[in-house]
Amino acid sequence: MTDSVMSAGPPSATDRPLGNPLGSQPTRVLLLGSGELGREICISLIRLGAWVCAVDSYQDAPAAQVAQSSKVLPMTDPEALRALIAEIRPDLIVPELEAIATDQLEWAANQGIQVVPSSGLAAMCMDREALRIFAHDTVGLDTTPYRFAQNPDQLRLGAEQVGLPCIVKPVMSSSGHGQTMVHTRQDLDEAWRVAQTDARAGGHEGRPCRVIVEALAPLAHELTVLTVSSSAGIATCEPIGQCQEDGDYRQSWQPAGLDQAILDGATSMARRMVLAMTDLARKHGETGWGVYGVEIFVLTNGRILFNEVSPRPHDTGMVTMISQRLSEFDLHARAILGIPVRQEDLELMLPPGWSAASQAVLTRGEGEVTFTGVPRVLSEPGTDLRIFSKPEVHGQRRMAVALAKGADQDEARRKTDRMVQGLHARVGKD
């Protein structure tokens with residue numbers, strides 16, 4: 001295996017050749033993660049004429065079904081990932097998930113490959129500890145009180161310091177995996193066990209994974225502010241309201257429908273965070289371009305706190321597929337390809353006062369999934385549906401998203417409720 005990889009095309013990151021992905025000089029994108037978000041990123045890139053290789057740990061992942069090429073690979077395996085990069089020779093590497101051997105992203109960046117948003121930021125955002133320290137200590141953003149723990153004793157001490165109830169999360173995981181709400185000291189041992197066994201990215205070489213212990217804030221609302229860094233600078237989407245269950249997205253809506261002062265504060269916080277991250281990327285010779293999903297807590301007293309940031313399109317941002325002229329996936333594709341994204345590109349395509357909503361369609365069971373009832377649920381005006389085409393479900397899995405717009409937030413959310421209720425999932429081959 002070679003330790004030297006040349007980028008497939010010499011043009012600058014702001015003027016890549018686009019339009020003939022099967023030609024002699026395509027812009028080649030290696031997409032690491034091929035779930036529902038990766039599928040939409042892939043489609044947006046292909047629409048702009050890029051060539052995409054979609055990678056995931058299982059066969060026939062959603063993005064693999066639409067990309068020009070696909071691979072099945074354990075992306076946490078450094079040697080396997082480096083061999084793949086050497087084989088594909090991409091111009092861009094686009095991570096869509098957290099469980100990646102991030103040291104290989106740094107290696108790739110050193111070979112002249114554009115890592116999205118940068119190799120350092122991809123690594124930092126996959127590590128809640130590094131991200132929280134950067135946000136709180138470097139950028140100066142308000143957060144909930146927190147501590148980190150390497151073992152059960154440190155966890156008990158951290159819980160005493162932040163107070164009960166608290167939330168325990170692995171520092172490297174996502175979508176609620178390994179997360180526990182702790183109400184009493186007796187719950188802490190179980191919280192430690194869950195963090196070690198259910199995290200999407202656990203410890204390394206037999207070492208336990210570290211956890212973050214966070215105080216439970218008096219939460220009134222959760223917001224996502226999609227923030228775009230591009231060759232034109234920083235731009236922000238209208239904040240998105242959301243509700244979660246067990247740390248995972250269930251429904252989102254845009255506009256968020258909160259007091260304007262709260263929305264302005266959330267937008268300002270998101271811009272500060274992304275600007276600091278982009279500046280950090282540029283100090284290391286990388287672009288920092290792409291969509292960032294900045295998660296913000298709104299407390300019952302109106303105070304806003306930084307929670308996390310995803311350096312890629314966000315699951316709550318799927319609502320932009322019906323609310324905006326350019327979805328978060330279109331914006332991500334444009335930004336990473338060097339196309340300027342300006343504030344006017346993020347405008348809502350809704351009548352005044354109207355709202356849009358999205359709702360995850362969850363399916364339970366074992367085996368293949370097919371849906372009936374699609375003509376009926378899409379017969380209602382102002383609705384849309386994305387079926388993710390995941391090959392199987394084992395237990396519970398997000399298999400589609402319902403999209404709707406209405407004269408107000410309540411109407412849009414009621415429409416998605418009716419859509420989800422009207423869809424019927426058949427699980428298994430019988």
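Owing to the predicted nature of the structure, the values given are computational and were not obtained by experimental measurement.
The backbone N or O of Asp330 lies less than 3.5 Å from a partner atom in the side chain of Ser327, making a donor-acceptor pair. Side chain of Glu286 to main chain of Gly288: no donor-acceptor pair is present (N/O by atom type, distance under 3.5 Å, no hydrogens or angles). With Gln242 contributing its side chain and Gln251 its backbone, the two residues share no donor-acceptor pair below 3.5 Å. One N or O on the side chain of Asp187 and one on the backbone of His183 form a donor-acceptor pair closer than 3.5 Å. Although no hydrogens or angles enter the test, the distance criterion places no donor-acceptor pair under 3.5 Å between the side chain of Ser268 and the main chain of Asp264. Under the 3.5 Å distance criterion, the side-chain polar atoms of Lys415 are matched with a main-chain donor or acceptor of Pro381. Counting only distance, with no hydrogens or angles, the side chain of Ser34 and the backbone of Ala63 share no donor-acceptor pair below 3.5 Å. Between the side chain of Glu328 and the main chain of Thr320, no donor-acceptor pair closer than 3.5 Å is present. Looking at Gln65, its side chain does come within 3.5 Å of a backbone N or O of Ser389 through a donor-acceptor pair. Panel note: side chain Asp345, backbone Arg342; a donor-acceptor pair is recorded below 3.5 Å.
Between the CD atom of Gln114 and the OG1 atom of Thr287 there is a distance of 4.5 Å, given to the nearest 0.5 Å. In this structure, the separation between CD on Gln150 and CD on Glu129 is 8.5 Å, given to the nearest 0.5 Å. Atom CD1 in Ile100 sits 7.5 Å away from atom CG in Leu81 (nearest 0.5 Å). Interatomic distance, OG1 of Thr143 versus CZ of Phe306, reported as 8.5 Å (0.5 Å rounding). Going from atom CG of Leu258 over to atom CD1 of Ile304 covers 11.0 Å, rounded to the nearest 0.5 Å. Taking CG of Leu155 as the reference point, atom CZ of Phe148 lies at 13.0 Å (rounded to 0.5 Å).
A cation-pi geometry, defined here as NZ or CZ lying under 6.0 Å from the six-membered ring centre and within 45° of its normal, does not hold between Arg312 and Tyr292.
Within 6.0 Å of NE2 in His284 there are 12 or fewer heavy atoms belonging to other residues, nucleotides or ligands. For Lys169, the NZ atom sits in a packed shell: over 12 heavy atoms of surrounding residues, nucleotides or ligands are nearer than 6.0 Å.
You'll find the side chain of Leu385 reaches within 4.5 Å of the side chain of Val374, heavy atoms only. Two residues are said to be in side-chain contact when any heavy atoms from C-beta on lie closer than 4.5 Å; Ser252 and Met318 fail this criterion. Between Val213 and Cys166, some side-chain heavy-atom pair lies under the 4.5 Å cut-off. The closest side-chain heavy-atom distance from Pro21 to Ile46 is not below 4.5 Å. Side-chain contact between Asp56 and Val72 is absent, with no heavy-atom pair separated by less than 4.5 Å. At a threshold of 4.5 Å between non-hydrogen side-chain atoms, the residues Phe371 and His424 do not count as touching. Residues Trp192 and Val211 have side chains in contact (heavy-atom distance under 4.5 Å, counting atoms from C-beta outward). Counting heavy atoms from C-beta outward, Glu368 and Val427 have side chains that stay 4.5 Å or more apart.
Between Arg397 and Glu36 there is no salt bridge, since none of the side-chain N atoms of the basic residue sits less than 4.0 Å from a carboxylate O of the acidic one. Residues Arg128 and Glu214 are not paired through a salt bridge, judged by the lack of any N-O separation under 4.0 Å between the basic side chain and the carboxylate. A salt bridge is defined here as a Lys NZ or Arg NE, NH1 or NH2 lying under 4.0 Å from an Asp or Glu carboxylate O, and Arg398 with Asp315 meets this definition. Ion pairing between a basic and an acidic side chain is recognised when a charged N comes within 4.0 Å of a carboxylate O; Asp384 and Arg386 show such pairing.
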query = Do Gln324 and Gln254 pass the side-chain hydrogen bond (donor to acceptor under 3.5 Å, both in side chains) test, and can you show the C-alpha distance, the side-chain angles, and the key distance before you say yes or no?
reply = CA-CA 9 Å; Gln324 296 187 176; Gln254 189 187 32; 3.1 Å; yes
task = Determine, stepwise, if the pair Arg193 / Glu190 fulfils salt bridge (Lys or Arg N to Asp or Glu O under 4.0 Å).
result = CA-CA 5 Å; Arg193 186 197 66 78; Glu190 176 65 9; 2.7 Å; yes
request  = Decide side chain to side chain contact (heavy atoms under 4.5 Å, CB included) for His314 and Tyr249; before the verdict, give the C-alpha distance in whole Å, the side-chain angles of both, and the deciding distance to 0.1 Å.
outcome  = CA-CA 10 Å; His314 199 274; Tyr249 146 82; 6.0 Å; no
query = side chain to side chain contact (heavy atoms under 4.5 Å, CB included) between Leu32 and Leu105: does it pass, once the steps are laid out?
reply = CA-CA 11 Å; Leu32 300 180; Leu105 299 182; 4.0 Å; yes
request  = Show your working on side chain to side chain contact (heavy atoms under 4.5 Å, CB included) between Val274 and Val294 and close with a plain yes or no.
outcome  = CA-CA 8 Å; Val274 173; Val294 184; 3.9 Å; yes
query = Could you walk me through whether Val361 and Leu423 pass the side chain to side chain contact (heavy atoms under 4.5 Å, CB included) check?
reply = CA-CA 9 Å; Val361 179; Leu423 280 175; 4.1 Å; yes
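Between Leu223 and Ala266, the shortest heavy-atom contact is CD1-CB, 3.9 Å. Across all their heavy atoms, Trp253 and Ser355 have their closest contact at CB-OG, 4.5 Å.
Sequence neighbours left out, the pairs with a member in residues 151-167 that pass side-chain hydrogen bond (donor to acceptor under 3.5 Å, both in side chains) are Arg147-Gln161, Asp153-Arg156, Arg156-Asp189, Glu160-Arg185.
Gln359 and Thr416 are linked by a side-chain donor-acceptor pair at a separation below 3.5 angstrom, with hydrogens and angles left out of the test.
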